[in-house]
Amino acid sequence: MIRPKDSINTVYLNSFLNSNGAQLHIQEKTKGATLRQINMEDVRKIGDLLPPIALQNQFAEKVQAIEAQKAKMQEGLKAMEELFGSLMQRAFNGEIE
């Protein structure tokens with residue numbers, strides 16, 4: 001059963017609902033050809049698959065740490081691309097021997 005809001009970490013829940021396993025479970029439970037629907041009883045059962053809040057929070061912390069590392073790497077990549085572009089421009093202008 002879906003628990004009260006303070007028992008669900010939204011970062012964990014988002015990752016869980018977007019996981020292949022959860023998507024497969026939802027697809028198996030939905031009904032309809034063009035407009036697929038899931039009933040509330042099935043939604044409540046998904047809540048039974050959620051681990052304790054302490055584990056959800058641990059997972060969310062790791063996800064957030066990874067996302068922060070990815071952002072730093074993207075910034076570094078952008079800086080390297082800018083430096084490379086600047087170096088290429090200088091090379092084509094004959095400023096580099």
task: Report whether Met80 and Met88 are members of the same hydrophobic cluster (ILVMFWY, side-chain heavy atoms less than 4.5 Å apart, transitive linking).
output: no
- prompt: Do the side chain of Asn93 and the main chain of Gln89 share a donor and acceptor less than 3.5 angstrom apart?
  reply: yes
task: Measure across Ile8 and Gln56 and return the closest heavy-atom pair with its distance rounded to 0.1 Å.
output: CA-OE1, 3.4 Å
field: Backbone N/O of Leu17 and side chain of Gln23: donor-acceptor pair under 3.5 Å
entry: yes
query: Mind checking whether Val63 and Phe59 have side chains closer than 4.5 Å, heavy atoms only?
result: yes
query: Do Ser86 side-chain atoms and Glu82 backbone N/O form a donor-acceptor pair below 3.5 Å?
result: no
message: Closer than 4.0 angstrom, basic N to acidic O: yes or no for Lys72 and Glu75?
response: no
task: Can you see which heavy atom on Asn9 is nearest to which on Ile53, and at what distance?
output: N-CD1, 3.6 Å
message: For a salt bridge (Lys or Arg N to Asp or Glu O under 4.0 Å) check, start with the C-alpha distance between Lys78 and Glu81, then their side-chain angles and the critical distance, and finish with the verdict.
response: CA-CA 5 Å; Lys78 183 179 176 185; Glu81 287 173 344; over 6 Å; no
- prompt: Below 4.5 Å, heavy atoms only, C-beta onward: do Pro51 and Tyr12 meet side chain to side chain?
  reply: yes
query: Rounded to the nearest 0.5 Å, what separation is found between the OG1 atom of Thr10 and the CZ atom of Phe16?
result: 14.5 Å
